[in-house]
Amino acid sequence: MSLDVTSILAGCLTLACWSYLYKENPLFRFVEHLILGLSSAYIFIGGIFYIKNYISTSPMIYWIWPLLLGSTLYFYFSKKYFYLYRIPLAFIIGMGAALTIRSKGHGVLMPQITRMLQPLFVVDLFTSFNNLVILVGTISAVLFFTFTKKRTGVFAYTEKIGRITLMITFGATFGRVAMTRFATDIERVRSLIQTDAIYLLPIAAVLIAYSIISDRKKNL
Amino acid sequence: MMSVLKNPIIPVIIVFCVGMLVTFEYFVDVPTVKLVSTELQKWVTILITFTLTIGSVNLIKSQSLKIQRKGPGWSYSIITIVTFALMMLLGLYSIFFTPEGLLFPAYNYVIRNIQYPVNVSMFGLLGFYIITAAFRAFRFRGFDSTIVLLAGLLVLMGQAPIGAAVWDQFPAISYWIMNVPNVAGARAISIGVGIGAISMAVQVLLGYERGWMGRLER
Amino acid sequence: MDGEAGKIMLKLDKRVLYLVYACLLAVPTFIPMGLPITIDSTTKSTYDIIDALEPGSRVAINSAFFGMTIPEQYPTSKNLIQHLFMKDDVKLIFLTFNVESPVWQEKIMSEVDKFGKEYGTDYVYLGFTPGDQTAIAAMANNLPALVQVDFYGTPLNELPDNGAIMEGLIQASDFDLLIVITTGFYDFFLGPWTSQHGVPTILGVQSVNVPVALVYWEAGQIIGLIKGATGNAEYEKLLNRPGVSLSDMDAQSLAHVFIIGLIVYGNVKYFYDKRRPTE
């Protein structure tokens, strides 16, 4: 009977991570540092891959200047020439700020505010009620966290409505967050149960039992 | 020349010029402006590539220092550096010596069968913590927490198939909560975040916000 | 409410809860429940839009796979790609802003029915372009200026038929549909691609991002939405190709019941102890 080494390897890594749920242990620390090294390397490799493609497809006159400028970013590690690091960073920051204005303004603010300006009351009563709830809720919530001074009179009600609206949003978000987390765990449990990694489970159970017994002996 | 570059006003001027050009390009249809803006954007993608690598270099530097000084857990830092080195070798070999590039089978194998299980298992730990949090911390303590929990419970019951099996109105209630009050709150948050992001971006463009420059020489 | 049982429950080691939770997730593997699911309007809308694509349509797909998002976004990508492959003469152009994505796209390609579709003619992975917001905005205005090769390093004009798949694709408005499968930062696409260039956009999001994504859906900025795990299961049902997402809904149901039970029990215990404090 031949075993699927790949699934057993993945199963070992999964159980090593989840061993942290029992208690902190060297296996978890090993895996933690493994992923640190792997992730840093693969990001670095991605960068080299892009630059290699860029150089091979563009004339030198196009790529030499950004490459030279990008190299000065490494002055980040120099105490004497640290100021040179700010020059290329300024390009990135300027670009980021401009694109934020464009994307947030045109992509988020304008469509959302435009939507609020559409007819509130339509033929269907339930839809009209929903439109009203959305309008009142949105305005109240925006007022709630924009103006923090204690409000009186009519505006005290907007504060209350804004709070309730935001609380409902947080509750709904919690419900959806739980689903995402469950989906991740379901996928991992499925990969343990439906592959040859299932043979690791009795071994893991024995190891945990041994750990429990030795902990109890230490405490006695 | 170097003393000119030392002046902190130079990066501020660059931010302003680049930012205003790219913002201006969005609103006009002038080919030259669009050409310059596109070229600048290409430059910035290269610069961002370098920033990605700086993070990795910084990590290796800090881990190496830890090993040198025999700091707590220094032996684990060796694992980080060795893994980094091996992955770099594999990646560089894939890029420069194979026709598949980053789709080289050995490289793919490491991504899919080593990196992915660890990544997703680490993330999956949160699912377990939510379970204990639900038991120990989620209480109907006051009005606000009651609203949060009620909304959460109704959404939970409505989104899984078992909710509809228990009572066929749960999905409809969950649907209403998600599409009406939740949209109101999330829209308010989006608007608030959008206004905040734009105001911060304008502050950066005009040079009022200079925290990104890091340490300034005295 | 029994005081003794309550004392046991209060002293219950959290690790026992973890074990019970993990076991519950494993149960449906052995005892499938097959609870029925209902199709949401957002999923149906996505399905109808893709079904209505004309031959010759060109679809831009951005699947930003990160390790932690794959359990929900891999099935989303797979279902949508499968449906797109079922359409005649629809070309897929995969935008790559994340170096990990093509690794998983390759895996998807090995699992879906391609219906004779070939790389270079019917679908292509554009070369990796870092920079997220910058790259996405730049690509919206001038795609050929930013990307000259595919992910394998092949120049785009050397693809089959002199790179016919990329012919005429200069800016975002040249695409017939944009599908964005990512977690967060939707405004990176919604600004330049959707609002500025008017490309019809479908979002595939994780469950955690559904509250935010619904804001765009309600405002009419997006024309389709796949809501994480539930959306994946619904799409598999619509495609009539049951897969892991449909079967995972049983485990989701058990997990949901478990967490609701714990919340309810914890609160009942809390109020009981408030009225009758234990020694």
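Letters A, B, ... are given to chains in the order of the sequence lines, protein chains preceding strands, and every chain is numbered from 1.
- With sequence neighbours left out, Phe174(A) forms a ring pair (Phe, Tyr, Trp, His ring centres under 6.0 Å) with Phe138(B).
- Heavy-atom pairs under 4.5 Å with chain A peak, among Thr51(B), Ile81(B), Leu102(B), Ile10(B), at Leu102(B).
- Highest contact tally toward chain B, considering only Pro26(A), Gly47(A), Gly46(A), is held by Pro26(A) [criterion: heavy-atom pairs under 4.5 Å].
- Residues Ala184(B) and Ile134(A) come closest through the heavy atom pair CB-O, 3.7 Å.
- Residue contact with chain B, scored on non-hydrogen atoms closer than 4.5 Å, involves the backbone and the side chain of Val142(A) alike.
- Both the backbone and the side chain of Ser71(A) come within contact range of chain B, judged by heavy atoms closer than 4.5 Å.
- Only the side chain of Val204(B) has a heavy atom closer than 4.5 Å to any heavy atom of chain A.
- Heavy-atom distances place the side chain of Ile131(B), and not its backbone, under 4.5 Å from chain A.
- Of the possible donor and acceptor atoms, none in the side chain of Arg187(B) sits under 3.5 Å from a partner among the backbone N and O of Thr138(A).
- For the set Ile54(B), Leu156(B), Leu150(B), the count of heavy-atom pairs under 4.5 angstrom toward chain A peaks at Ile54(B).
- Of the two parts of Met88(B), the backbone and the side chain both hold a non-hydrogen atom closer than 4.5 Å to a non-hydrogen atom of chain A.
- Contacts between Glu187(A) and chain B at a heavy-atom distance below 4.5 Å involve the side chain alone, from C-beta outward.
- Side chain of Thr83(B) to backbone of Gly37(A): no donor-acceptor contact under 3.5 angstrom is found.
- For the set Tyr74(A), Phe182(A), Tyr20(A), Phe144(A), the entry with the most heavy-atom pairs within less than 4.5 Å of chain B is Tyr74(A).
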Practice task
Run the numbers on Val180(B) and Phe129(A) for side chain to side chain contact (heavy atoms under 4.5 Å, CB included), then give the verdict.
Solution key: CA-CA 10 Å; Val180(B) 182; Phe129(A) 169 74; over 6 Å; no
Practice task
Go through the steps to decide whether Asn7(B) and Tyr83(A) satisfy the test side chain to side chain contact (heavy atoms under 4.5 Å, CB included), and finish with yes or no.
Solution key: CA-CA 8 Å; Asn7(B) 193 336; Tyr83(A) 58 89; over 6 Å; no
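- The line from CD1 of Ile114(B) to CD1 of Ile35(A) is 9.5 Å long, rounded to the nearest 0.5 Å.
- With a threshold of 4.5 angstrom between heavy atoms, Val110(B) approaches chain A through side-chain atoms but not through N, CA, C or O.
- A pairwise comparison of heavy atoms in Pro117(B) and Ala10(A) identifies CG-CB, 3.7 Å as the closest pair.
- For Phe30(A), the parts lying under 4.5 angstrom from a heavy atom of chain B are both the backbone and the side chain.
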Practice task
Applying side chain to side chain contact (heavy atoms under 4.5 Å, CB included), run through Trp176(B) and Asn130(A) and close with a yes or a no.
Solution key: CA-CA 9 Å; Trp176(B) 185 83; Asn130(A) 290 342; 2.8 Å; yes
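- Proximity to chain B (any heavy atom under 4.5 Å) is shown, for Arg102(A), by both the backbone and the side chain.
- Heavy-atom pairs under 4.5 Å with chain A were tallied for Leu154(B), Val57(B), Ile177(B), Leu21(B); the largest tally goes to Val57(B).
- Here CE of Met95(A) is found 8.5 Å from CD1 of Ile48(B). Values are rounded to the nearest 0.5 Å.
- Note on Ile78(B), Val12(B), Ile13(B), Val15(B): by heavy-atom pairs under 4.5 Å with chain A, the leading option is Val15(B).
- Looking at Phe145(A), the atoms closer than 4.5 Å to chain B (heavy atoms on both sides) all sit in the side chain, from C-beta outward.
- If you measure heavy-atom distances from Thr146(A) to chain B, you find no contacts under 4.5 Å at all.
- Between chain A and the options Val18(B), Asp144(B), Asn113(B), the largest number of non-hydrogen pairs under 4.5 Å is found for Asp144(B).
- Closest approach of Val155(B) to Gly175(A), counting heavy atoms only: CG1-CA, 4.2 Å.
- For a residue to count as touching a neighbouring chain, one of its non-hydrogen atoms must lie under 4.5 Å from one of that chain's; by this rule Arg163(A) touches chain B with the side chain only.
- When the candidates Tyr116(B), Phe27(B), Tyr76(B) are compared by the number of heavy-atom contacts under 4.5 Å with chain A, Tyr76(B) comes out ahead.
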Exercise for the section: Before giving the answer on side chain to side chain contact (heavy atoms under 4.5 Å, CB included), spell out for Leu67(A) and Phe50(B) the whole-Å C-alpha distance, their side-chain angles and the decisive distance to 0.1 Å. Expected result: CA-CA 9 Å; Leu67(A) 275 188; Phe50(B) 278 92; 3.6 Å; yes
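- Interface residue Ile111(B): only side-chain heavy atoms are found under 4.5 Å from chain A.
- For Tyr109(B), the part lying near chain A is the side chain, with the backbone staying farther off; criterion is any non-hydrogen pair under 4.5 Å.
- The contact between Ile130(B) and chain A is made entirely by side chain atoms (from C-beta outward), counting heavy-atom distances below 4.5 Å.
- Taking OG1 of Thr80(B) as the reference point, atom CG of Leu34(A) lies at 8.5 Å (rounded to 0.5 Å).
- In this structure, the separation between CZ on Phe128(B) and CH2 on Trp18(A) is 4.0 Å, given to the nearest 0.5 Å.
- Contact record, Gly19(B) with Ala98(A): O-CB, 3.4 Å, taken as the closest heavy-atom pair.
- The part of Tyr107(B) that comes within reach of chain A is its side chain, from C-beta onward, which places non-hydrogen atoms under 4.5 angstrom from that chain.
- For Leu59(B), the part sitting under 4.5 Å from any heavy atom of chain A is the side chain, from C-beta outward, and nothing else.
- When heavy atoms are compared at a cutoff of 4.5 Å, Tyr50(A) approaches chain B solely by way of its side chain, counted from C-beta outward.
- Both the backbone and the side chain of Ser39(A) come within contact range of chain B, with heavy atoms under 4.5 Å apart.
- Taken from CH2 in Trp43(B) to OH in Tyr62(A), the straight-line distance is 12.0 Å, to the nearest 0.5 Å.
- The line from CE of Met87(B) to OH of Tyr42(A) is 8.5 Å long, rounded to the nearest 0.5 Å.
- Residues Leu205(B) and Gly94(A) come closest through the heavy atom pair CD2-O, 4.1 Å.
- Contact of Gln203(B) with chain A is not made at all, since no heavy-atom distance falls under 4.5 Å.
- Side-chain atoms of Thr45(B) and Tyr54(A) form no donor-acceptor pair, as typed in the model, at a separation below 3.5 Å.
- Of the listed residues Trp63(A), Phe28(A), Phe49(A), the one with more heavy-atom pairs under 4.5 angstrom with chain B than any other is Phe49(A).
- Only the side chain of Tyr81(A) comes within less than 4.5 Å of a heavy atom of chain B; its backbone N, CA, C and O stay farther away.
- For Leu69(A), the parts lying near chain B are the backbone and the side chain together; criterion is any non-hydrogen pair under 4.5 Å.
- When heavy atoms are compared at a cutoff of 4.5 Å, Phe16(B) does not approach chain A at all.
- Contacts between Leu90(B) and chain A at a heavy-atom distance below 4.5 Å are absent for every atom of the residue.
- Contact annotation for Arg115(A): only side-chain heavy atoms (C-beta onward) come within less than 4.5 Å of a heavy atom of chain B.
- Of all the heavy atoms in Ile48(A) and Leu92(B), the pair that sits closest is CD1-CD2, 3.8 Å.
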